[in-house]
Q: 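Before I ask anything, let me first share the structure, which is written out below as structure tokens.
By convention in this document, chain letters (A, B, ...) are assigned in the order of the sequence lines, proteins followed by strands, and residues within each chain are numbered from 1. Note that the structure is a prediction, hence the values are computed from the model and not measured.
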Protein chains: 2
Amino acid sequence: MDKNLKRMATMQRMQVTGLHLFYSKGYYNTSVDDVLKELSLSKGAFYYHFDSKEDFFVQIIENLLVRKIYSMLIEPIEGHEHTLDLICSCFENALETAVHNEVDYGFALSNFINEFNGRNAKVMKHLNEILRVWEVNLVSAIQRGKFNGHIDRHVDAEGVAVFLMSSYMGVRTLMVEMTPSARKYRFMSQIRHYFKSLEVKKTTV
Amino acid sequence: MDKNLKRMATMQRMQVTGLHLFYSKGYYNTSVDDVLKELSLSKGAFYYHFDSKEDFFVQIIENLLVRKIYSMLIEPIEGHEHTLDLICSCFENALETAVHNEVDYGFALSNFINEFNGRNAKVMKHLNEILRVWEVNLVSAIQRGKFNGHIDRHVDAEGVAVFLMSSYMGVRTLMVEMTPSARKYRFMSQIRHYFKSLEVKKTTV
DNA sequence: TTGTTAACCGACCAGGCGGTCTATGAGGTA
DNA sequence: TACCTCATAGACCGCCTGGTCGGTTAACAA
């Protein structure tokens, strides 16, 4: 048990450092030695715990990336209050975090999708699974909104979900260079404008 | 002159092949030899025409990528008709091209931005310049629409431009895997819905 | 005390990388 | 024929990469 704890701690340290480096420098552009140098560990330690660099990365996805995205983009919109407000403040918070990074490298998930697409089907399967979960949760949030009477019943939930995911992923790329906070502000204004057009039309007069 | 023509032709061939490989496999994941193998040329030929791999890529950006994006996303919206319709069909065409690729690797510009961000400032400068031109043209297109009376005068042109660029870049990433044509359809529906909310309000009754 | 084993070390390997350099031949010029 | 330049060839270099492997250490069990 105590043994197992040490094992887990070392693996965790490697994975945290690995995610940080893969995110900021890219997977193919980061060597195993880069990760080990950061931690003053050796090749032996690495290949004792992981089968390969790819296996290492898949475990990072499952243990760290999935949770990160879940807690940042999925869990916050699971409430039962006004759905669109939830999504709005969820995006607002996620973007604000990005603005506060002294250096921002974009949305980790979409960076990795770009990097692995067409080059590594196995890793892509894991990344796509995260996208799928995100999409499903967005769709059900919007349907909840329609059910609760906040969102117009003619709205296409799947369409809105795709549109929201697209725009979020895109704005994160757009924010990496030049005036991220201004772009965040403009983006959020337009999202709110778009959301207003999804609400039930108050039958005035 | 004839000599110069041959020189240009060889350089062009290298650049076309280079863009294709860099786009599909990534810059860092494509070696100079990969490009040369494709053309049955040697290292000598390559370094006779280009100073370095980086110089090669910068020339590809300036000679090929800029033009490609200009002809696909900028020039089509420069007309003076109903602006939002122009943008709509421009996006429609650009996405349709992507759907028809048997294998799609996303939006080249945003892929490269992801790959070079924080790693190569010089290349990033060139990529950002393309983004800037795109943004400027979108903004002026929208302002034209406001001037022509098609777009509500309260609309924030810069905001709409950022939002459009974001969503386009994002949906291209989202389309690389799984049901691109369905996602394209849903995306375009929402774009049209969003555009409707930007039009001048017809004062009914 | 002795043996076992989990955790880690680091030298080593084959292959690939960007880039250099000398050689070579084709085509024009004198 | 002799010469010169442009365009290309391909061997070579030093460096880095993912991955292997025999050795070492410390904790614990007998």
Q: What integer distance in Å separates Arg13(A):CZ from dA7(C):C1'?
A: 12 Å

Q: Give a yes/no verdict on a cation-pi contact between Lys53(B) and Tyr27(B), requiring under 6.0 Å between NZ or CZ and the six-membered ring centre and an angle within 45° of the axis.
A: yes

Q: Is the distance from the ring center of Tyr23(A) to that of Phe112(A) below 6.0 Å?
A: no

Q: Does His49(A) place a side-chain N or O at less than 4.0 Å from the phosphate oxygens OP1/OP2 of dC8(C)?
A: yes

Q: Ignoring hydrogens and geometry beyond distance, is a side-chain donor-acceptor pair present between Glu62(A) and His126(A) at under 3.5 Å?
A: yes

Q: May I ask you to test the Phe195(A)-Ile87(A) pair for a side-chain heavy-atom distance under 4.5 Å?
A: yes

Q: Kindly list each side-chain donor-acceptor pair under 3.5 angstrom involving residues 167-178 of chain A, sequence neighbours excluded, with atom names and distances?
A:
from: Ser167(A); atom 1: OG; to: Phe163(A); atom 2: O; distance (Å): 3.0
from: Ser167(A); atom 1: OG; to: Leu164(A); atom 2: O; distance (Å): 3.1
from: Arg172(A); atom 1: NH1; to: Asp104(A); atom 2: OD2; distance (Å): 2.7
from: Arg172(A); atom 1: NH2; to: Asp104(A); atom 2: OD1; distance (Å): 3.3
from: Arg172(A); atom 1: NH2; to: Gly106(A); atom 2: O; distance (Å): 3.0
from: Thr173(A); atom 1: OG1; to: Met169(A); atom 2: O; distance (Å): 3.4

Q: Tell me whether the side-chain N/O atoms of Arg7(B) come closer than 4.0 Å to OP1 or OP2 in dA7(D).
A: yes

Q: Which whole-number value in Å describes the distance from Lys37(B) NZ to dG10(D) P?
A: 14 Å

Q: Does any non-hydrogen side-chain atom of Ser189(A) lie less than 4.5 Å from one of Asp156(B)?
A: no

Q: Give a yes/no on whether any side-chain N or O of Thr10(B) is located under 4.0 angstrom from OP1 or OP2 of dT8(D).
A: yes

Q: Could you give the CG-to-C1' distance, from Leu36(B) to dA7(D), as a whole number of Å?
A: 14 Å

Q: Assert yes or no for the condition that the ring centre distance of Phe116(A) to Tyr28(A) is strictly below 6.0 Å.
A: yes

Q: Whole angstroms only, please: what is the NZ-C1' distance between Lys6(B) and dT5(D)?
A: 13 Å

Q: For Lys25(A), which residues count as a side-chain contact (heavy atoms from CB on, under 4.5 Å) partner, sequence neighbours excluded?
A: Thr30(A), Asp34(A)

Q: Are Tyr48(B) and dT8(D) close enough that a side-chain N or O sits under 4.0 Å from OP1 or OP2?
A: no

Q: Are Tyr47(B) and Phe56(B) near enough that their ring centres are under 6.0 Å apart?
A: no

Q: Can you give me the bend angle of the helix from dT1(C)-dA30(D) to dA30(C)-dT1(D)? Use the axis through the first five pairs and the one through the last five, nearest 10 degrees.
A: 20°

Q: Walk me through whether Asp152(B) and Leu198(B) qualify under side chain to side chain contact (heavy atoms under 4.5 Å, CB included).
A: CA-CA 6 Å; Asp152(B) 190 284; Leu198(B) 301 179; 6.0 Å; no

Q: When every nucleotide of nucleotides 14-21 of chain C is labelled 5' to 3' by its protein contacts under 4.0 Å (heavy atoms), B for base, S for sugar-phosphate only, - for none, what sequence of letters results?
A: ---SBBB-

Q: For DNA chain D, which residues in residues 113-127 of chain B have a heavy atom at a distance below 4.0 Å?
A: none

Q: side-chain hydrogen bond (donor to acceptor under 3.5 Å, both in side chains) with Lys37(A): which residues, sequence neighbours excluded?
A: none

Q: How long is the line joining CE of Met14(A) and P of dC8(C), in whole Å?
A: 7 Å

